[in-house]
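The structure appears right after this line, and notes come after that.
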Amino acid sequence: MQEQYEPSVIEPAAQRYWDQHQVFAARESAENSQPEREKYYCLSMFPYPSGRLHMGHVRNYTIGDVLSRFMRMRGKNVLQPMGWDAFGLPAENAAMINGVPPAKWTYDNIAYMKKQLQSLGLAIDWDREVATCRPEYYRWNQWFFLRMLEAGIAYKKTGTVNWDPIDQTVLANEQVVDGRGWRTGALVEKREIPMYYLRITQYADDLLQALDTLPGWPERVRAMQANWIGKSVGVRFAFTHDVRGADGRLIDEGKLWVFTTRADTIMGVTFCAVAAEHPLATHAARNQPQLAAFIEECKQGTAQEAELAQMEKKGMATGLYVTHPLTQEQVPVWVGNYVLMNYGEGAVMAVPAHDERDFGFALKYNLPIKQVIDVSAGVRNDESYSLTTWRDWYGDKQHGICIHSGKYDGLNYQQAVDAIAADLKAINLGDKQTQWRLRDWGISRQRYWGCPIPIIHCPSCGDVPVPDDQLPVVLPEDKVPDGSGNPLGKDPSFYQCKCPKCGDDARRETDTMDTFVDSSWYFLRYACADNSNSMVDARVNYWLPVDQYIGGIEHAILHLLYSRFWTRAMRELGLVDVAEPFTHLLTQGMVLNEIYFRKPAAGRIQYFNPTEIDWQTDDKGQRTNPTLRADGQPVEFAGIGTMSKSKNNGVDPQKLVELYGADTARLFTMFAAPPEQTLEWSDEGVQGAHRFMKRLWRAVYEHVKLGPVASGLNTSELNAAQKDLRRAVHQALSKVTDDIQRRRIFNTAIAAVMELMNTLAKFNDVTPNGRAVMQEALEKVVLMLSPIVPHVCHTLWNELGHGSTVIDQSWPEVDASALQQDTLEIVVQVNGKLRGRVVISAQATEQEARAIALADENVQRWVEDKPVRKFIYVPGKLINVVV
RNA sequence: GGCGGUGUGGCGGAAUUGGUAGACGCAGCGGACUUAAAAUCCGCCGGGUAACACCGUACCGGUUCGAGUCCGGUCACCGCCA
């Protein structure tokens with residue numbers, strides 16, 4: 001065995017072995033004599049082929065790889081695929097800069113990044129690789145889009161869309177962040193264009209309720225999805241009025257519609273508030289310049305819920321009144337800057353007594369406050385209702401009872417809502433209604449580098465679907481966008497076509513699909529990537545659902561929601577059996593690094609890579625005075641932030657692998673933080689991980705150097721030290737198994753192995769029994785670490801004398817007898833404070849333990865002759881003497 | 001404002017069901033080896049004390065024999081909210 005650990009030699013060798021023996025090729029059924037194994041589909045979110053891997057990829061794919069390899073050793077039939085989310089804007093942007101077609105840029109990037117992924121030693125079945133920009137893949141986007149069109153799940157409508165003036169494209173609502181395009185940051189404009197939508201709102205209730213069937217998902221992701229879907233159950237009803245517009249007709253047919261979740265407070269309405277754009281506001285402003293000015297001011301304001309909640313509530317009376325549908329009272333109408341036209345009805349009823357926002361508004365503008373709910377019943381008898389100070393319990397609907405509400409007096413929340421909704425329905429002015437925040441998913445994009453929407457526009461037949469036998473509509477791959485709109489619209493060879501129905505000249509749709517479409521079902525296609533005859537086949541039902549999905553928290557809402565929707569649509573159309581595609585979800589934290597900069601008197605801030613910085617340490621060991629190594633001059637430390645090009649704090653995985661090897665990179669990313677938390681990069685930490693690799697190598701080297709172990713392990717002949725070592729080995733094994741299998745935490749599993757290695761280093765017994773114990777210990781260490789650092793374990797397993805390979809080994813079993821102890825150390829507390837430790841027999845009774853504990857010198861010092869009031873005994877762990 | 005989360009040494013983090021707070025690693029300090037350095041190995045490493053005592057898991061209070069962990073309240077920070 002070679003003395004030096006050389007990852008640059010052993011890593012390619014291990015990878016070559018895996019490759020030649022096709023060990024990661026997944027099969028759907030049992031082969032030859034192999035017994036039927038349970039399937040395990042381990043999926044990592046596929047990357048966008050941006051050019052190079054970043055550390056986030058390394059972290060993501062290492063987590064997936066550790067789980068895949070672990071599950072394989074646990075006897076599962078594992079599928080771990082990989083592919084490319086290959087359509088999208090960055091390719092077009094790169095094309096504009098370099099003058100190269102997006103297709104070439106994308107395919108080149110895929111080739112390079114695939115090599116990078118392979119250098120990490122991931123246990124991927126590359127035979128199933130998919131790239132969403134290939135016609136073999138996206139033809140099924142088109143095919144299924146047509147099925148959805150037939151089923152009414154997809155439809156066309158003209159609507160107001162968000163127009164990004166820089167990217168020249170439509171954005172989904174969720175792609176607008178703070179009123180700006182999510183990629184460009186440009187202020188979004190409104191445009192009216194025809195586009196295709198998917199009826200995700202039809203599935204809103206199911207998508208919401210089924211979140212409860214996903215205990216394997218993080219709580220916060222489920223909360224974010226529920227929040228996004230935004231179900232609110234309430235009552236939609238109308239105040240009547242006879243306000244007529246300039247044309248003499250009643251505005252909105254004489255009805256001011258509102259939606260409320262607190263219909264039980266309807267008798268407490270003292271005014272209504274409408275949005276600045278509401279027809280009543282517009283009407284009232286015609287001859288009130290002051291109101292018109294206020295409306296203009298409101299229109300400048302935000303449309304963001306978050307900002308809305310924080311800004312100062314302002315309003316102005318319109319002078320108009322509407323009639324309360326149940327009391328016939330005249331209710332004044334105000335314009336409020338906190339009411340949004342495109343949310344709900346653009347108008348709200350105001351109940352100042354029981355809504356904090358309305359309460360503040362009423363105080364500010366001196367509007368009446370009428371209490372109609374009494375919460376004192378059993379809950380709040382210590383405080384009374386005040387007209388000047390808001391208390392949170394004014395809005396309590398759990399314990400409230402209607403008062404001052406005529407026939408509704410005495411009803412609780414649900415009873416009151418039911419009764420009031422029924423009364424409103426009876427007079428035809430309202431009914432119960434469920435409102436959703438979620439909107440239908442607009443998928444049309446006026447972009448080139450995406451999947452063409454398979455529709456032909458015929459002057460006489462209208463919108464005609466491309467017949468199935470003419471699919472796919474192939475995207476030409478030679479175009480170079482120049483920023484002046486969609487190249488497809490300028491290419492007659494693409495858009496000129498014949499109508500499939502009447503054969504006349506027609507024009508092909510030049511919009512392409514949102515790239516979220518591509519990623520909404522790629523995990524299904526991995527199961528049958530080689531099938532050129534159908535979108536999915538029986539193999540999909542074998543592999544699905546995904547047992548473990550791993551990816552970034554940034555996809556917690558959109559991608560995961562769209563995938564859940566798409567899978568449901570496919571199930572509805574009889575293509576797959578499952579509704580929920582992902583059983584367990586792990587959202588890994590981001591990779592952070594330190595940020596350093598200098599701010600010159602003139603010019604832009606200059607950022608420095610953390611590797612170029614030197615620190616000094618003060619007498620407390622704390623770092624001070626960062627300087628730039630190149631010139632020794634001070635730099636500013638700006639804290640920790642996500643790795644990014646603009647902050648010049650990225651770490652190139654390629655260089656890391658070249659310098660230390662893939663195993664070190666894998667070990668560090670798994671060790672530095674739990675998978676769900678952020679990971680702070682540390683070059684010293686990487687060196688520490690590399691140091692451990694070398695220690696591991698040397699431990700095996702020192703052992704192997706002594707020649708083959710003479711005798712097998714005979715557990716009945718071991719001395720105390722040998723037994724202790726065996727116990728340490730099996731304790732570590734027990735912990736590592738639990739950490740990976742149940743807890744999905746790898747840093748503590750690695751820590752346990754490190755601790756074991758520290759113990760091993762102190763064990764210098766070269767007797768036959770001692771060496772046999774050491775052989776077992778090292779074998780277990782190699783097996784335990786093989787999912788995490790597979791290359792070195794591949795080599796070490798053979799060096800330990802095995803003809804077989806570690807990839808084919810089963811996960812080791814804990815030997816329960818090795819864990820047994822004759823004596824136990826028990827912690828003794830006196831009055832809850834640690835005062836001593838005693839060693840007792842493992843079989844000792846509580847009486848015996850008590851006698852030994854009380855006899856202990858340290859314990860006696862604290863107990864003295866005080867009477868023992870209480871004696872707590874936690875067997876095997878702790879004694880607490882209360883005196 | 002709403003929802004969700006977090007708060008532990010100089011740093012990343014550990015403590016899994018209420019039972020030894022600080023595992024493991026990094027940094028630092030001391031030592032061995034070396035002409036020297038690097039590498040490697042050994043030891044120390046929350047505050048406090050001569051040594052104990054004592055103090056210590058954001059803050060205030062509670063439950064308990066016992067609280068980082070459970071409960072009530074406060075503060076700070078992070079994430080998400082067409």
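In this text, all values refer to a predicted model and were calculated from it rather than measured experimentally. Note on naming: letters A, B, ... go to the chains in the order of the sequence lines (proteins, then strands), and numbering restarts at 1 for each one.
Following rounding to the nearest Å, A:L878 (CG) and B:G66 (P) show an atom-to-atom distance of 13 Å. What separates OH of A:Y197 from P of B:A82 is a distance of 17 Å, to the nearest Å.
If you check distances only, the side chain of A:K833 never reaches the base of B:U20 with a donor-acceptor pair under 3.5 Å. The base of B:U40 has none of its N or O atoms less than 3.5 Å from a complementary donor or acceptor on the side chain of A:R691.
Residue A:Q677 has its side chain nearest to B:G13 when only B:G4, B:A82, B:G13 are considered. Comparing B:C81, B:C24, B:U20 by their closest approach to the side chain of A:N758 singles out B:C24.
Residue A:R744 is classed as having no contact, given no heavy-atom separation below 4.0 Å to the nucleic acid. Within the 4.0 angstrom heavy-atom criterion, only backbone atoms of the sugar-phosphate kind lie near A:R698; the bases stay farther away. Using a 4.0 Å heavy-atom distance criterion, A:R220 is classed as a sugar-phosphate-only contact.
Nucleotides B:C59 and B:G10 have their P atoms positioned 14 Å apart, rounded to a whole Å. Separation of the P atoms belonging to B:G47 and B:G22 is 14 Å when rounded to the nearest angstrom. Between the C1' atoms of B:U17 and B:G66, the separation comes to 15 Å (whole Å). B:U20 and B:U57 are spaced 15 Å apart, taking the C1' atom of each and rounding to whole Å. If you take atom P in B:C42 and the same atom in B:C24, they sit 13 Å apart, rounded to whole Å.
Aromatic pair A:H690/A:Y660: ring centres closer than 6.0 Å. Taking the six-membered ring for Trp and the full ring otherwise, A:Y701 and A:Y5 have centroids separated by 6.0 Å or more.
With a cut-off of 3.5 Å on both Watson-Crick or G-U wobble distances, the partner of B:A39 is given as none.
For A:R835 and A:W862, the positive end sits near the middle of the six-membered ring, less than 6.0 Å away and at most 45° from its axis.
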* To do: Evaluate the salt bridge (Lys or Arg N to Asp or Glu O under 4.0 Å) criterion for residues A:K231 and A:D205: first the C-alpha distance (whole Å), next the side-chain angles of each, then the deciding distance (0.1 Å), finally the verdict.
  => CA-CA 8 Å; A:K231 180 181 187 174; A:D205 217 353; 3.1 Å; yes
